[in-house]
There are 2 protein chains.
Amino acid sequence: MTTPAPDPTQLLKCLPLFQELLPEQLQAIAAASRQRRLSRGGMLFQKGDPAHGFYVVVSGQIKLAFPSLQGNEKVIEILGPQQSFGEAVMFMGRPYPVFAEAMSESLLLCIGGEAVFALLERDPGFARRMLAGLSLRLHTLVQDIETYSQRSATQRLVGFLLQLYPQGASGSHEIRLPASKQVIASRLNLTPETLSRIFHELSNSGVIEVHGKTVVIPDLTRLREYDL
Amino acid sequence: MTTPAPDPTQLLKCLPLFQELLPEQLQAIAAASRQRRLSRGGMLFQKGDPAHGFYVVVSGQIKLAFPSLQGNEKVIEILGPQQSFGEAVMFMGRPYPVFAEAMSESLLLCIGGEAVFALLERDPGFARRMLAGLSLRLHTLVQDIETYSQRSATQRLVGFLLQLYPQGASGSHEIRLPASKQVIASRLNLTPETLSRIFHELSNSGVIEVHGKTVVIPDLTRLREYDL
DNA sequence: CGTACCTTTGATGTGAATCAAGAGTAGTGG
DNA sequence: CCACTACTCTTGATTCACATCAAAGGTACG
(Lines give C-alpha, C1' and ligand atoms only; values in the text may rest on other atoms or scores of the structure.)
Protein backbone atom coordinates (compact mmCIF):
# COMPACT_ATOMS: atom_id res chain seq x y z
CA MET A 1 0.00 0.00 0.00
CA THR A 2 2.65 2.51 1.06
CA THR A 3 5.05 3.63 -1.63
CA PRO A 4 8.64 2.50 -1.14
CA ALA A 5 10.81 4.80 0.96
CA PRO A 6 12.85 7.06 -1.34
CA ASP A 7 16.48 7.90 -0.69
CA PRO A 8 16.59 10.89 1.68
CA THR A 9 19.78 12.19 0.12
CA GLN A 10 18.09 12.35 -3.25
CA LEU A 11 15.24 14.31 -1.76
CA LEU A 12 17.45 16.71 0.13
CA LYS A 13 19.59 17.63 -2.79
CA CYS A 14 16.56 18.90 -4.69
CA LEU A 15 15.83 21.53 -2.06
CA PRO A 16 16.94 25.08 -2.72
CA LEU A 17 18.24 25.26 0.80
CA PHE A 18 20.62 22.34 0.33
CA GLN A 19 21.29 22.80 -3.36
CA GLU A 20 24.98 23.43 -3.17
CA LEU A 21 26.12 21.22 -0.34
CA LEU A 22 28.96 18.74 -0.70
CA PRO A 23 27.96 15.05 -0.80
CA GLU A 24 29.38 14.48 2.66
CA GLN A 25 27.41 17.41 4.06
CA LEU A 26 24.28 16.05 2.47
CA GLN A 27 25.05 12.72 4.12
CA ALA A 28 25.33 14.36 7.50
CA ILE A 29 21.98 16.08 7.10
CA ALA A 30 20.36 12.94 5.75
CA ALA A 31 21.65 10.96 8.68
CA ALA A 32 20.05 13.39 11.08
CA SER A 33 16.70 13.31 9.35
CA ARG A 34 13.78 10.97 9.68
CA GLN A 35 10.93 10.33 7.33
CA ARG A 36 7.43 10.85 8.48
CA ARG A 37 4.26 9.66 6.80
CA LEU A 38 0.88 11.17 7.49
CA SER A 39 -2.54 10.31 6.20
CA ARG A 40 -5.17 12.94 5.49
CA GLY A 41 -6.03 14.77 8.69
CA GLY A 42 -2.93 13.51 10.49
CA MET A 43 -1.24 15.95 12.85
CA LEU A 44 2.47 16.61 12.52
CA PHE A 45 2.60 18.80 15.58
CA GLN A 46 0.28 20.90 17.68
CA LYS A 47 0.56 24.55 18.48
CA GLY A 48 2.76 24.73 21.58
CA ASP A 49 4.78 21.58 20.89
CA PRO A 50 8.54 21.99 21.36
CA ALA A 51 10.54 22.20 18.13
CA HIS A 52 13.62 20.04 17.68
CA GLY A 53 14.10 20.42 13.99
CA PHE A 54 12.43 21.55 10.83
CA TYR A 55 10.41 19.87 8.10
CA VAL A 56 10.46 19.49 4.37
CA VAL A 57 7.43 18.38 2.39
CA VAL A 58 8.36 15.60 -0.02
CA SER A 59 4.88 14.86 -1.28
CA GLY A 60 1.34 15.72 -0.31
CA GLN A 61 0.16 18.92 1.29
CA ILE A 62 0.52 20.33 4.76
CA LYS A 63 -1.38 23.19 6.20
CA LEU A 64 -0.11 25.46 8.95
CA ALA A 65 -2.83 27.09 11.00
CA PHE A 66 -3.88 28.54 14.32
CA PRO A 67 -6.35 26.55 16.29
CA SER A 68 -9.36 28.58 17.28
CA LEU A 69 -11.72 28.18 20.16
CA GLN A 70 -14.81 27.76 18.04
CA GLY A 71 -13.17 25.27 15.70
CA ASN A 72 -12.84 27.76 12.84
CA GLU A 73 -9.13 27.67 12.38
CA LYS A 74 -7.02 30.26 10.55
CA VAL A 75 -4.81 28.82 7.82
CA ILE A 76 -1.48 30.59 7.53
CA GLU A 77 0.07 28.59 4.78
CA ILE A 78 -0.55 25.67 2.49
CA LEU A 79 2.72 23.89 1.78
CA GLY A 80 3.45 21.59 -1.11
CA PRO A 81 6.41 19.45 -2.18
CA GLN A 82 9.84 21.10 -1.87
CA GLN A 83 8.67 23.58 0.68
CA SER A 84 10.08 23.67 4.18
CA PHE A 85 8.86 25.08 7.46
CA GLY A 86 9.77 25.28 11.12
CA GLU A 87 13.34 26.53 10.64
CA ALA A 88 12.63 29.81 12.34
CA VAL A 89 11.12 28.23 15.39
CA MET A 90 14.03 25.81 15.66
CA PHE A 91 16.61 28.58 15.80
CA MET A 92 14.81 30.26 18.59
CA GLY A 93 14.17 27.15 20.60
CA ARG A 94 10.54 28.13 21.00
CA PRO A 95 7.43 26.01 20.76
CA TYR A 96 5.51 26.01 17.48
CA PRO A 97 3.19 29.01 17.13
CA VAL A 98 0.88 27.08 14.78
CA PHE A 99 -0.15 23.48 14.27
CA ALA A 100 0.61 21.40 11.17
CA GLU A 101 -1.88 19.01 9.64
CA ALA A 102 -1.69 16.87 6.52
CA MET A 103 -4.35 17.75 3.97
CA SER A 104 -3.70 14.60 2.01
CA GLU A 105 -1.49 11.53 2.24
CA SER A 106 1.90 13.12 2.81
CA LEU A 107 5.55 12.31 3.15
CA LEU A 108 7.85 14.58 5.08
CA LEU A 109 11.45 14.78 6.03
CA CYS A 110 12.17 15.84 9.55
CA ILE A 111 15.63 17.34 9.92
CA GLY A 112 17.16 17.44 13.37
CA GLY A 113 18.42 20.76 14.68
CA GLU A 114 21.78 19.46 15.89
CA ALA A 115 22.89 18.48 12.40
CA VAL A 116 21.99 21.91 11.09
CA PHE A 117 23.88 23.68 13.83
CA ALA A 118 26.88 21.48 13.22
CA LEU A 119 26.83 22.25 9.52
CA LEU A 120 26.52 25.93 10.26
CA GLU A 121 29.79 25.70 12.14
CA ARG A 122 31.61 24.32 9.17
CA ASP A 123 30.04 25.88 6.11
CA PRO A 124 29.49 29.63 5.93
CA GLY A 125 27.86 29.22 2.55
CA PHE A 126 25.23 27.10 4.17
CA ALA A 127 24.56 29.82 6.68
CA ARG A 128 24.13 32.29 3.92
CA ARG A 129 21.67 30.15 2.00
CA MET A 130 19.73 29.51 5.17
CA LEU A 131 19.64 33.24 5.85
CA ALA A 132 18.45 33.97 2.35
CA GLY A 133 15.71 31.38 2.64
CA LEU A 134 14.44 32.83 5.88
CA SER A 135 14.58 36.32 4.44
CA LEU A 136 12.43 35.28 1.55
CA ARG A 137 9.78 34.00 3.91
CA LEU A 138 9.91 37.21 5.88
CA HIS A 139 9.44 39.15 2.71
CA THR A 140 6.43 37.08 1.76
CA LEU A 141 4.86 37.59 5.15
CA VAL A 142 5.34 41.33 4.97
CA GLN A 143 3.50 41.26 1.68
CA ASP A 144 0.78 39.13 3.24
CA ILE A 145 0.22 41.81 5.83
CA GLU A 146 -0.05 44.38 3.10
CA THR A 147 -2.56 42.13 1.40
CA TYR A 148 -4.68 41.53 4.46
CA SER A 149 -4.81 45.12 5.46
CA GLN A 150 -5.20 47.02 2.24
CA ARG A 151 -7.05 44.84 -0.18
CA SER A 152 -10.66 43.86 -0.61
CA ALA A 153 -11.86 40.30 -0.60
CA THR A 154 -12.09 40.30 -4.40
CA GLN A 155 -8.56 41.61 -4.78
CA ARG A 156 -7.25 38.97 -2.43
CA LEU A 157 -8.90 36.21 -4.44
CA VAL A 158 -7.70 37.60 -7.75
CA GLY A 159 -4.19 37.93 -6.36
CA PHE A 160 -4.35 34.34 -5.22
CA LEU A 161 -5.49 33.10 -8.63
CA LEU A 162 -2.84 35.14 -10.39
CA GLN A 163 -0.19 33.67 -8.12
CA LEU A 164 -1.42 30.20 -9.02
CA TYR A 165 -1.22 30.97 -12.69
CA PRO A 166 1.86 29.25 -14.14
CA GLN A 167 4.53 31.88 -14.79
CA GLY A 168 4.36 33.30 -18.27
CA ALA A 169 2.42 30.29 -19.46
CA SER A 170 0.06 31.73 -22.00
CA GLY A 171 -1.22 28.41 -23.24
CA SER A 172 -3.65 26.69 -20.96
CA HIS A 173 -5.59 29.55 -19.32
CA GLU A 174 -6.67 26.99 -16.81
CA ILE A 175 -5.94 26.63 -13.11
CA ARG A 176 -6.59 23.83 -10.68
CA LEU A 177 -7.38 24.97 -7.16
CA PRO A 178 -4.84 23.45 -4.78
CA ALA A 179 -7.33 22.80 -2.00
CA SER A 180 -10.99 22.84 -1.10
CA LYS A 181 -12.72 26.19 -1.33
CA GLN A 182 -13.17 26.16 2.42
CA VAL A 183 -9.45 25.98 2.98
CA ILE A 184 -8.73 28.61 0.35
CA ALA A 185 -11.28 30.88 1.98
CA SER A 186 -9.45 30.58 5.27
CA ARG A 187 -6.08 31.21 3.64
CA LEU A 188 -7.53 34.41 2.15
CA ASN A 189 -9.12 35.31 5.43
CA LEU A 190 -12.66 34.97 4.15
CA THR A 191 -15.67 32.89 5.03
CA PRO A 192 -16.63 30.14 2.58
CA GLU A 193 -19.85 32.03 1.88
CA THR A 194 -18.02 35.16 0.85
CA LEU A 195 -15.60 33.23 -1.31
CA SER A 196 -18.48 31.57 -3.07
CA ARG A 197 -20.15 34.89 -3.75
CA ILE A 198 -16.98 36.39 -5.16
CA PHE A 199 -16.43 33.43 -7.45
CA HIS A 200 -19.97 33.98 -8.59
CA GLU A 201 -19.50 37.69 -9.26
CA LEU A 202 -16.30 37.13 -11.18
CA SER A 203 -18.02 34.45 -13.24
CA ASN A 204 -20.94 36.75 -13.99
CA SER A 205 -18.68 39.47 -15.25
CA GLY A 206 -17.00 36.89 -17.45
CA VAL A 207 -13.51 37.31 -16.01
CA ILE A 208 -13.29 33.68 -14.98
CA GLU A 209 -15.22 30.44 -15.31
CA VAL A 210 -15.43 28.08 -12.38
CA HIS A 211 -16.08 24.36 -12.76
CA GLY A 212 -15.46 22.59 -9.48
CA LYS A 213 -11.77 22.92 -8.75
CA THR A 214 -10.97 24.12 -12.24
CA VAL A 215 -10.85 27.82 -12.98
CA VAL A 216 -10.65 29.00 -16.57
CA ILE A 217 -9.25 32.42 -17.33
CA PRO A 218 -10.33 33.58 -20.76
CA ASP A 219 -8.61 36.94 -20.50
CA LEU A 220 -5.64 37.23 -18.19
CA THR A 221 -5.27 40.95 -18.78
CA ARG A 222 -8.78 41.63 -17.65
CA LEU A 223 -8.30 39.59 -14.49
CA ARG A 224 -5.13 41.50 -13.73
CA GLU A 225 -7.06 44.74 -13.73
CA TYR A 226 -8.85 43.65 -10.56
CA ASP A 227 -5.45 43.31 -8.93
CA LEU A 228 -5.09 47.09 -9.19
CA MET B 1 23.23 71.96 17.27
CA THR B 2 23.92 68.32 16.37
CA THR B 3 25.14 66.11 19.17
CA PRO B 4 28.74 64.94 18.84
CA ALA B 5 29.23 61.78 16.79
CA PRO B 6 29.54 58.85 19.19
CA ASP B 7 32.00 56.05 18.69
CA PRO B 8 30.41 53.50 16.36
CA THR B 9 32.20 50.63 18.07
CA GLN B 10 30.60 51.59 21.37
CA LEU B 11 27.19 51.64 19.75
CA LEU B 12 27.63 48.34 17.98
CA LYS B 13 28.70 46.41 21.00
CA CYS B 14 25.44 47.21 22.76
CA LEU B 15 23.38 45.49 20.12
CA PRO B 16 22.21 41.96 20.83
CA LEU B 17 23.31 40.94 17.38
CA PHE B 18 26.89 41.96 17.94
CA GLN B 19 27.07 41.27 21.63
CA GLU B 20 29.67 38.56 21.60
CA LEU B 21 31.96 39.64 18.82
CA LEU B 22 35.70 39.97 19.30
CA PRO B 23 37.05 43.53 19.34
CA GLU B 24 38.66 43.06 15.95
CA GLN B 25 35.40 41.82 14.48
CA LEU B 26 33.62 44.80 15.91
CA GLN B 27 36.25 46.99 14.27
CA ALA B 28 35.57 45.40 10.92
CA ILE B 29 31.86 46.00 11.21
CA ALA B 30 32.36 49.52 12.46
CA ALA B 31 34.67 50.26 9.55
CA ALA B 32 32.01 49.17 7.11
CA SER B 33 29.28 51.22 8.71
CA ARG B 34 28.31 54.81 8.27
CA GLN B 35 26.28 57.07 10.50
CA ARG B 36 23.19 58.66 9.23
CA ARG B 37 21.26 61.52 10.78
CA LEU B 38 17.69 62.30 9.92
CA SER B 39 15.38 65.00 11.09
CA ARG B 40 11.68 64.48 11.63
CA GLY B 41 10.05 63.42 8.38
CA GLY B 42 13.38 62.61 6.73
CA MET B 43 13.41 59.62 4.41
CA LEU B 44 15.98 56.88 4.91
CA PHE B 45 14.91 54.97 1.82
CA GLN B 46 11.90 54.64 -0.40
CA LYS B 47 9.99 51.51 -1.25
CA GLY B 48 11.77 50.03 -4.24
CA ASP B 49 15.24 51.37 -3.42
CA PRO B 50 18.04 48.83 -3.72
CA ALA B 51 19.38 47.51 -0.41
CA HIS B 52 23.11 47.42 0.22
CA GLY B 53 23.13 46.90 3.92
CA PHE B 54 21.01 47.03 7.01
CA TYR B 55 20.26 49.64 9.64
CA VAL B 56 20.37 49.97 13.38
CA VAL B 57 18.50 52.70 15.22
CA VAL B 58 20.80 54.44 17.68
CA SER B 59 18.38 57.10 18.80
CA GLY B 60 15.07 58.47 17.67
CA GLN B 61 12.29 56.58 15.98
CA ILE B 62 11.88 55.17 12.51
CA LYS B 63 8.70 53.98 10.95
CA LEU B 64 8.49 51.35 8.24
CA ALA B 65 5.41 51.62 6.07
CA PHE B 66 3.84 51.02 2.69
CA PRO B 67 3.13 54.04 0.63
CA SER B 68 -0.45 54.19 -0.50
CA LEU B 69 -1.99 55.87 -3.51
CA GLN B 70 -4.31 58.10 -1.54
CA GLY B 71 -1.62 59.16 0.89
CA ASN B 72 -2.94 57.03 3.74
CA GLU B 73 0.06 54.86 4.38
CA LYS B 74 0.14 51.59 6.29
CA VAL B 75 2.66 51.48 9.12
CA ILE B 76 4.28 48.08 9.53
CA GLU B 77 6.60 48.81 12.37
CA ILE B 78 7.75 51.55 14.67
CA LEU B 79 11.40 51.06 15.55
CA GLY B 80 13.24 52.51 18.51
CA PRO B 81 16.84 52.51 19.71
CA GLN B 82 18.68 49.17 19.55
CA GLN B 83 16.36 47.80 16.93
CA SER B 84 17.57 46.82 13.49
CA PHE B 85 15.89 46.37 10.15
CA GLY B 86 16.65 45.60 6.53
CA GLU B 87 18.74 42.48 7.14
CA ALA B 88 16.31 40.23 5.33
CA VAL B 89 16.18 42.40 2.26
CA MET B 90 19.95 42.61 2.17
CA PHE B 91 20.35 38.83 2.07
CA MET B 92 18.02 38.55 -0.84
CA GLY B 93 19.48 41.37 -2.83
CA ARG B 94 15.99 42.72 -3.41
CA PRO B 95 14.72 46.27 -3.25
CA TYR B 96 13.03 47.42 -0.05
CA PRO B 97 9.37 46.41 0.17
CA VAL B 98 8.56 49.37 2.43
CA PHE B 99 9.85 52.87 2.96
CA ALA B 100 11.57 54.16 6.10
CA GLU B 101 10.93 57.58 7.55
CA ALA B 102 12.21 59.23 10.70
CA MET B 103 9.45 60.15 13.13
CA SER B 104 11.74 62.31 15.15
CA GLU B 105 15.35 63.50 15.06
CA SER B 106 17.16 60.19 14.62
CA LEU B 107 20.60 58.71 14.45
CA LEU B 108 21.19 55.48 12.58
CA LEU B 109 24.01 53.17 11.80
CA CYS B 110 24.11 51.81 8.30
CA ILE B 111 26.05 48.57 8.10
CA GLY B 112 27.35 47.52 4.72
CA GLY B 113 26.43 44.09 3.44
CA GLU B 114 29.96 43.07 2.45
CA ALA B 115 31.25 43.33 6.00
CA VAL B 116 28.41 41.18 7.24
CA PHE B 117 29.00 38.55 4.60
CA ALA B 118 32.67 38.51 5.44
CA LEU B 119 31.95 38.05 9.12
CA LEU B 120 29.53 35.28 8.33
CA GLU B 121 32.39 33.43 6.67
CA ARG B 122 34.49 33.49 9.77
CA ASP B 123 32.14 33.33 12.71
CA PRO B 124 29.47 30.62 12.81
CA GLY B 125 28.18 32.01 16.09
CA PHE B 126 27.41 35.24 14.33
CA ALA B 127 25.52 33.34 11.66
CA ARG B 128 23.51 31.67 14.32
CA ARG B 129 22.63 34.90 16.08
CA MET B 130 21.67 36.44 12.80
CA LEU B 131 19.49 33.45 12.04
CA ALA B 132 17.87 33.63 15.45
CA GLY B 133 17.24 37.35 15.06
CA LEU B 134 15.57 36.87 11.72
CA SER B 135 13.57 33.97 13.09
CA LEU B 136 12.30 36.11 15.88
CA ARG B 137 11.08 38.68 13.39
CA LEU B 138 9.36 36.01 11.37
CA HIS B 139 7.66 34.77 14.47
CA THR B 140 6.47 38.25 15.33
CA LEU B 141 5.09 38.77 11.86
CA VAL B 142 3.20 35.51 11.98
CA GLN B 143 1.63 36.69 15.20
CA ASP B 144 0.83 40.02 13.61
CA ILE B 145 -1.13 38.24 10.94
CA GLU B 146 -2.99 36.30 13.60
CA THR B 147 -3.72 39.60 15.28
CA TYR B 148 -4.93 41.37 12.17
CA SER B 149 -7.18 38.56 11.11
CA GLN B 150 -8.72 37.28 14.29
CA ARG B 151 -8.98 40.11 16.70
CA SER B 152 -11.28 43.05 17.06
CA ALA B 153 -10.12 46.63 17.05
CA THR B 154 -10.39 46.78 20.84
CA GLN B 155 -8.37 43.61 21.30
CA ARG B 156 -5.68 44.93 19.00
CA LEU B 157 -5.38 48.14 21.00
CA VAL B 158 -5.35 46.34 24.34
CA GLY B 159 -2.72 43.93 23.03
CA PHE B 160 -0.65 46.90 21.93
CA LEU B 161 -0.89 48.60 25.31
CA LEU B 162 -0.05 45.38 27.11
CA GLN B 163 2.99 44.95 24.92
CA LEU B 164 4.10 48.47 25.82
CA TYR B 165 3.68 47.75 29.46
CA PRO B 166 7.14 47.27 31.02
CA GLN B 167 7.68 43.57 31.69
CA GLY B 168 6.57 42.53 35.13
CA ALA B 169 6.82 46.11 36.34
CA SER B 170 4.00 46.41 38.79
CA GLY B 171 4.96 49.82 40.06
CA SER B 172 4.10 52.67 37.76
CA HIS B 173 0.89 51.57 36.03
CA GLU B 174 1.64 54.23 33.50
CA ILE B 175 2.51 54.04 29.83
CA ARG B 176 3.76 56.66 27.40
CA LEU B 177 2.51 56.19 23.86
CA PRO B 178 5.51 55.86 21.56
CA ALA B 179 3.97 57.87 18.73
CA SER B 180 1.06 60.04 17.72
CA LYS B 181 -2.34 58.42 17.86
CA GLN B 182 -2.57 58.68 14.11
CA VAL B 183 0.52 56.56 13.66
CA ILE B 184 -0.55 54.06 16.28
CA ALA B 185 -3.91 53.77 14.56
CA SER B 186 -2.18 52.88 11.34
CA ARG B 187 0.09 50.37 13.05
CA LEU B 188 -3.03 48.70 14.44
CA ASN B 189 -4.76 48.92 11.11
CA LEU B 190 -7.41 51.33 12.31
CA THR B 191 -8.55 54.80 11.38
CA PRO B 192 -7.69 57.57 13.84
CA GLU B 193 -11.42 58.04 14.43
CA THR B 194 -11.90 54.44 15.47
CA LEU B 195 -8.85 54.53 17.73
CA SER B 196 -10.17 57.63 19.43
CA ARG B 197 -13.53 55.99 20.04
CA ILE B 198 -11.96 52.88 21.50
CA PHE B 199 -9.80 54.93 23.85
CA HIS B 200 -12.99 56.64 24.90
CA GLU B 201 -14.87 53.41 25.54
CA LEU B 202 -12.02 51.93 27.54
CA SER B 203 -11.83 55.12 29.58
CA ASN B 204 -15.57 55.05 30.23
CA SER B 205 -15.44 51.51 31.52
CA GLY B 206 -12.59 52.59 33.79
CA VAL B 207 -10.02 50.14 32.43
CA ILE B 208 -7.65 52.90 31.45
CA GLU B 209 -7.24 56.65 31.76
CA VAL B 210 -5.90 58.63 28.85
CA HIS B 211 -4.16 61.98 29.23
CA GLY B 212 -2.53 62.98 25.99
CA LYS B 213 0.22 60.49 25.35
CA THR B 214 0.06 59.07 28.84
CA VAL B 215 -2.11 56.07 29.56
CA VAL B 216 -2.76 55.04 33.14
CA ILE B 217 -3.72 51.46 33.91
CA PRO B 218 -5.36 51.23 37.32
CA ASP B 219 -6.01 47.49 37.06
CA LEU B 220 -3.73 45.47 34.82
CA THR B 221 -5.68 42.27 35.36
CA ARG B 222 -8.87 43.83 34.15
CA LEU B 223 -7.19 45.15 31.03
CA ARG B 224 -5.78 41.71 30.32
CA GLU B 225 -9.27 40.28 30.22
CA TYR B 226 -9.96 42.20 27.04
CA ASP B 227 -7.00 40.42 25.49
CA LEU B 228 -8.97 37.16 25.76
C1' DC C 1 -1.15 84.60 17.73
C1' DG C 2 -2.15 82.36 13.74
C1' DT C 3 -1.70 78.50 10.80
C1' DA C 4 -1.26 73.72 10.37
C1' DC C 5 -1.82 69.38 12.15
C1' DC C 6 -3.54 66.36 15.52
C1' DT C 7 -7.67 64.57 18.01
C1' DT C 8 -12.41 64.12 19.12
C1' DT C 9 -17.39 63.64 18.14
C1' DG C 10 -21.50 62.72 15.45
C1' DA C 11 -24.09 60.94 11.36
C1' DT C 12 -24.09 57.76 7.76
C1' DG C 13 -22.45 53.97 4.73
C1' DT C 14 -20.73 49.43 3.52
C1' DG C 15 -18.02 45.11 3.09
C1' DA C 16 -17.99 41.05 4.82
C1' DA C 17 -19.59 38.00 8.78
C1' DT C 18 -23.27 35.52 10.57
C1' DC C 19 -27.43 32.92 10.53
C1' DA C 20 -30.25 29.80 8.18
C1' DA C 21 -31.57 26.62 4.58
C1' DG C 22 -31.06 24.16 0.63
C1' DA C 23 -28.25 21.78 -3.35
C1' DG C 24 -24.57 19.26 -4.95
C1' DT C 25 -21.04 15.60 -4.37
C1' DA C 26 -18.63 11.92 -2.43
C1' DG C 27 -17.65 8.00 -0.07
C1' DT C 28 -20.00 3.58 2.71
C1' DG C 29 -22.19 -0.42 3.14
C1' DG C 30 -26.12 -3.36 2.24
C1' DC D 1 -26.93 0.02 -7.80
C1' DC D 2 -29.20 2.51 -4.58
C1' DA D 3 -30.17 4.61 -0.31
C1' DC D 4 -27.57 6.87 3.86
C1' DT D 5 -24.62 9.78 5.86
C1' DA D 6 -21.55 13.49 5.75
C1' DC D 7 -19.40 17.07 3.64
C1' DT D 8 -18.60 20.86 0.72
C1' DC D 9 -20.64 24.42 -1.73
C1' DT D 10 -24.23 27.84 -2.84
C1' DT D 11 -27.88 31.35 -1.97
C1' DG D 12 -30.59 34.62 0.53
C1' DA D 13 -31.73 37.65 4.60
C1' DT D 14 -29.89 40.09 8.26
C1' DT D 15 -26.38 42.18 11.27
C1' DC D 16 -22.30 44.51 12.78
C1' DA D 17 -17.79 46.38 13.13
C1' DC D 18 -15.40 49.59 11.27
C1' DA D 19 -14.70 53.05 7.53
C1' DT D 20 -15.97 57.29 5.61
C1' DC D 21 -17.62 61.90 5.60
C1' DA D 22 -18.08 66.16 7.90
C1' DA D 23 -17.12 69.55 11.25
C1' DA D 24 -15.59 71.25 15.41
C1' DG D 25 -12.14 71.64 19.36
C1' DG D 26 -7.05 71.18 20.88
C1' DT D 27 -2.26 71.64 20.70
C1' DA D 28 2.19 72.75 18.99
C1' DC D 29 5.12 75.69 17.06
C1' DG D 30 7.11 79.21 13.70
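Chain A is the first sequence line, chain B the second, and so forth, proteins listed ahead of strands; every chain is numbered from 1.
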Hey, which of these two, K181(B) or R156(A), hits DNA chain C nearer its 5' end, going by closest nucleotide?
K181(B)

Here the gap from R34(B) atom CZ to L108(B) atom CG, rounded to the nearest 0.5 Å, amounts to 11.0 Å

Would you indicate what L195(A) reaches in the nucleic acid, counting non-hydrogen atoms under 4.0 angstrom: base, sugar-phosphate, or nothing?
nothing

Between dT8(C) atom C1' and Q182(B) atom CD, what is the distance in whole Å?
12 Å

Nearest whole Å is fine: how far is dT8(C) C1' from F199(B) CZ?
13 Å

Note: chain A reaches DNA chain D at heavy-atom distances under 4.0 Å over the stretch, first to last nt, 5' to 3', of dT8(D) to dA13(D)

Which part of the nucleic acid does T191(B) contact within heavy-atom distance under 4.0 Å: base, sugar-phosphate only, or nothing?
base

Roughly how far, to the nearest 0.5 Å, is the CD1 atom of I76(A) from the CD atom of E146(B)?
7.0 Å

Starting at atom CD of E193(B), determine the distance to atom C1' of dT12(C), rounded to an integer number of angstrom.
13 Å

Give a yes or no on whether the backbone of D227(B) and the side-chain of R151(B) come within a donor-acceptor separation of less than 3.5 Å.
yes

Rounded to whole Å, CD1 of I198(A) lies from C1' of dG15(C) at a distance of 10 Å

Looking at every non-hydrogen atom in both residues, tell me the closest pair between Y96(A) and G53(A) and how far apart they are.
OH-O, 3.4 Å

Can you measure H211(B) atom NE2 to dT7(C) atom P for me and round it to whole angstrom units?
16 Å

L177(B) has an atom CG; how far is it from atom C1' of dC6(C), in whole Å?
14 Å

When you measure from the side-chain N and O atoms of T194(A) to the phosphate of dA16(C), is any distance below 4.0 Å, counting only OP1 and OP2?
no

When rounded to the nearest 0.5 angstrom, what distance separates CZ in R187(B) from CG in L157(B)?
12.0 Å

